[in-house]
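Notes follow once the structure below has been shown.
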There are 4 protein chains.
Amino acid sequence: MSGRGGALSSGKGLETPTRRASAIRDYAKEAIIQATAEVFSTRGENASMAEIAEVSGVARATLYRYFPNRERLLDALMDSALADLKKGICQADLESVELGDAIARLTRVLFALSDKYIYLVRSHVGKDRIKEFRLAVRPVLERFISAQRQGLIRQDIPADICFNFYLGVTRSAFGMLFEGGDLLEDMVSQVTRFVLSALATVELDGDH
Amino acid sequence: MSGRGGALSSGKGLETPTRRASAIRDYAKEAIIQATAEVFSTRGENASMAEIAEVSGVARATLYRYFPNRERLLDALMDSALADLKKGICQADLESVELGDAIARLTRVLFALSDKYIYLVRSHVGKDRIKEFRLAVRPVLERFISAQRQGLIRQDIPADICFNFYLGVTRSAFGMLFEGGDLLEDMVSQVTRFVLSALATVELDGDH
Amino acid sequence: MSGRGGALSSGKGLETPTRRASAIRDYAKEAIIQATAEVFSTRGENASMAEIAEVSGVARATLYRYFPNRERLLDALMDSALADLKKGICQADLESVELGDAIARLTRVLFALSDKYIYLVRSHVGKDRIKEFRLAVRPVLERFISAQRQGLIRQDIPADICFNFYLGVTRSAFGMLFEGGDLLEDMVSQVTRFVLSALATVELDGDH
Amino acid sequence: MSGRGGALSSGKGLETPTRRASAIRDYAKEAIIQATAEVFSTRGENASMAEIAEVSGVARATLYRYFPNRERLLDALMDSALADLKKGICQADLESVELGDAIARLTRVLFALSDKYIYLVRSHVGKDRIKEFRLAVRPVLERFISAQRQGLIRQDIPADICFNFYLGVTRSAFGMLFEGGDLLEDMVSQVTRFVLSALATVELDGDH
DNA sequence: GATGAATGAGCGTTCATTCAT
DNA sequence: AATGAATGAACGCTCATTCAT
């Protein structure tokens with residue numbers, strides 16, 4: 001509300017109470033979301049709202065002031081995860097490197113994300129969220145597509161399917177990582193090599 | 001359970017009441033499990049025990065006589081799924097074909113399984129179940145291992161990791177299949193080709 | 001439910017489960033109502049449902065199984081009070097005695113009732129309840145009416161108003177009784193004498 | 001309260017800021033009290049503090065600056081009612097008329113009061129308030145007492161009890177008035193006649 | 001001093017799980 | 001053995017009261 005004028009008047013440095021309050025509110029929300037992430041990775045994703053409130057350092061009633069119900073809180077957590085993902089992808093500067101490195105870097109980003117939001121990885125995410133996720137990783141998918149057009153990778157499997165396969169590999173990789181025993185960079189390397197081999201142009205001869 | 005009576009009367013060589021009762025019990029259990037599977041695919045995996053009981057045609061409390069709690073019921077469902085898996089793998093006669101075909105066949109089996117137990121695919125499965133799953137698919141893992149030993153597939157990534165990557169690919173594939181648009185056999189073929197390429201022996205030259 | 005046949009079939013001793021269950025349920029309800037009355041006179045009428053449940057020896061959830069909400073519980077308490085009132089009036093055998101004694105006896109009944117349900121006396125009772133109360137005390141009102149017709153009591157104030165005035169006197173009397181210091185029978189006597197004097201036929205001479 | 005400032009500036013003998021502030025404060029309090037009375041007669045006596053605040057035109061929290069809690073607000077409302085009562089009694093000039101008229105006049109005052117503060121009539125008033133009420137109506141009680149001493153009214157029932165009985169009658173009368181159908185002056189007259197008859201000296205002969 | 005936000009307690013509900021018959 | 005009822009934990013919500021600005 002009263003959002004439009006924001007950019008214009010900000011030069012004056014005249015933070016209105018309303019705006020400040022809203023900022024505070026956003027800050028609190030963010031804090032709660034982080035606390036939720038923490039609780040979830042500790043107590044599991046069926047932690048009670050009371051637990052979340054407690055860790056957030058806030059009364060249960062207050063929690064409900066910020067998020068009308070559990071689902072909405074989860075949504076916000078999702079949004080947060082997606083924001084992290086976007087930021088991670090952005091910082092990874094995927095466009096400037098060749099495909100192999102792009103894959104390696106995205107894998108690292110996904111690992112980091114998964115590490116923070118394991119429960120999300122496991123959890124049943126609404127269709128709209130999936131769309132948003134796809135949108136976020138779209139840049140890399142585009143790389144697959146153009147690489148395919150240029151004949152740099154195999155053409156007998158649609159690029160988007162290849163990309164999904166890659167994501168599946170990463171997911172499995174994170175599973176192993178999470179269970180322990182493997183080193184992150186090793187795993188990144190293995191994923192990358194595995195996928196690159198899988199994508200390599202093939203001489204048509206098999207019948208599988 | 002109540003095993004003692006059984007042993008004593010087994011000398012008669014005939015269906016004792018105890019044994020018959022036990023059989024009936026097993027039958028009821030199986031019926032409940034099937035009902036559960038049905039409810040889950042209808043209402044989703046968070047269907048209430050009440051719903052399950054209703055579809056099973058028993059009272060809620062009776063449900064609990066068969067399965068002490070929700071988790072155990074889920075476990076039983078798992079066991080059922082694992083049994084299906086084992087049977088499927090067995091019928092697939094994986095040993096008699098070469099690796100590529102073995103992968104294709106296992107993929108088909110997993111697709112069929114996933115189709116029946118989608119909710120399981122998505123759901124957070126206990127560690128012990130995962131072990132059992134691994135045990136069931138172990139034969140194929142063995143194929144990976146021996147193929148690696150024989151130098152038939154790449155050696156720079158441990159066979160078990162390769163196998164897990166393959167499973168990840170299959171999972172993603174099923175996801176796409178489930179969302180619709182792709183043909184089962186096409187997908188089997190794509191998974192197989194993708195993985196086979198990924199597994200192909202590589203000349204050591206990259207640095208990823 | 002299925003109430004009518006009760007007396008008839010009870011000879012057979014064939015208490016069906018349903019009927020028995022219903023009886024148990026009624027019994028439990030009654031117990032809860034009594035507990036509520038107790039809690040209310042102890043902790044006041046704003047005692048929490050939790051307190052009521054505790055004193056009832058029942059879990060809060062169970063309390064809600066019997067009474068869907070606080071209001072309904074209060075209603076039931078009311079009904080109970082009214083039943084007590086009716087029973088008290090019935091046992092008082094008001095018809096067989098002359099008006100003065102009838103008043104004295106009704107006063108005693110009302111005192112006893114008020115003692116058990118003080119909070120009700122003080123509390124804001126719905127219109128329908130008031131109707132029921134009036135219905136219960138109607139017999140005595142009828143005595144007022146017929147006495148008036150017979151010229152036994154004053155005729156310059158409608159009988160129903162006189163009766164209401166009497167109730168007001170009783171209420172005040174109970175108030176004093178409750179605060180302590182006065183003896184029950186003294187108070188009954190005083191109320192009766194006061195009202196009887198007030199009701200006595202008057203020679204028309206005043207101008208108030 | 002906050003007396004320090006007051007003492008210092010009181011030398012000037014004029015409206016100090018503190019004093020003025022205090023006056024403003026009192027004015028606001030009075031406004032809130034009136035608003036409360038209004039809300040109560042509209043929404044009933046369990047109107048929320050939010051409603052009261054809204055009608056008062058202040059924020060909920062501000063309401064609490066004036067009255068630390070709901071009870072205190074109710075108390076203030078009481079005080080207001082008692083003030084009205086005292087004023088009414090004062091204006092009624094009860095001392096100058098004979099007992100019958102005094103009763104009639106007090107009844108009118110009480111009716112007017114009840115009309116304005118119905119919720120109070122019905123509500124559970126703290127003991128201290130009752131004391132104040134009694135103090136306010138004490139003059140009439142004194143009349144009862146002296147009349148009894150002089151042998152003008154019955155002596156077999158203590159004067160204070162008679163007085164309370166009278167109040168009970170008035171209360172009932174107001175109840176009927178409030179429900180409608182009766183005229184105020186008729187009711188005043190009936191109350192008065194009823195009570196006067198009740199108070200009339202009696203020849204000792206009954207045994208009730 | 002006035003206010004928005006926070007708090008805690010209670011309400012009414014659902015649901016997995018347990019009890020008693 | 002099967003069942004209706006009981007239980008406890010959590011949810012989502014309202015409201016009187018308190019806090020921090």
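Throughout, a chain's letter reflects where its sequence line sits, starting with A, and its residues are numbered from 1.
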- Exam field: side chain B:Ser56 to backbone B:Val58, donor-acceptor pair closer than 3.5 Å: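 Checking the backbone N and O of B:Val58 against the side chain of B:Ser56, no donor-acceptor pair under 3.5 Å is found.
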
Please report, rounded to the nearest Å, how far the [atom2] atom of [N] is from the [atom1] atom of [X].
X       : N      : atom1 : atom2 : value
D:Asn69 : E:dG8  : CG    : P     : 18 Å
B:Lys29 : F:dA2  : NZ    : C1'   : 16 Å
C:Leu73 : E:dG10 : CG    : P     : 16 Å
D:Leu74 : F:dA16 : CG    : C1'   : 13 Å
C:Arg70 : F:dT14 : CZ    : P     : 18 Å
C:Arg72 : E:dT13 : CZ    : C1'   : 15 Å

Using 0.5 Å steps for rounding, measure from the [atom1] atom of [X] to the [atom2] atom of [Y].
X       : Y        : atom1 : atom2 : result
C:Arg70 : C:Tyr64  : CZ    : OH    : 8.0 Å
B:Glu54 : B:Arg60  : CD    : CZ    : 10.5 Å
B:Thr62 : B:Ile32  : OG1   : CD1   : 8.0 Å
D:Ile52 : D:Leu63  : CD1   : CG    : 6.5 Å
A:Ile33 : A:Asp75  : CD1   : CG    : 10.0 Å
B:Leu82 : B:Lys131 : CG    : NZ    : 13.5 Å

- side-chain contact (heavy atoms from CB on, under 4.5 Å) with D:Ala47: which residues, sequence neighbours excluded? D:Val39, D:Phe40, D:Arg43, D:Glu51

- Note on the structure: Applying salt bridge (charged side-chain N to carboxylate O under 4.0 Å, His left out) to C:Lys29 and not counting sequence neighbours gives none

- Side chains of A:Met49 and A:Phe67: closer than 4.5 Å at any heavy-atom pair?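 With C-beta onward as the side chain, the pair stays apart.
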
- Side-chain contact, heavy-atom cut-off 4.5 Å: B:Tyr66 with B:Arg72? no

- DNA chain F contacts among residues 30-41 of chain A, heavy-atom distance under 4.0 Å: none

- Item | Nucleic acid contacts of residues 46-54 of chain A, taken as heavy-atom distances under 4.0 Å to DNA chain F |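 Result for residues 46-54 of chain A: A:Ser48, A:Met49, A:Ala50, sorted by number.
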
- Message: Give the residues of residues 57-68 of chain C touching DNA chain E, defined as any heavy atom closer than 4.0 Å, sorted by residue number.
- Response: C:Arg60, C:Tyr64, C:Pro68

- Using Watson-Crick or G-U wobble pairs with both distances under 3.5 Å, give me DNA chain F in dot-bracket, 5' to 3', with [ ] for crossers and | for pairs to another strand. .||||||||||||||||||||

- Message: With a sphere of 6.0 Å drawn around CD of C:Glu132, does it hold more than 12 non-hydrogen atoms of other residues, nucleotides or ligands?
- Response: yes

- Are D:Glu30 and D:Gln34 close enough that a side-chain donor and a side-chain acceptor fall under 3.5 Å? yes

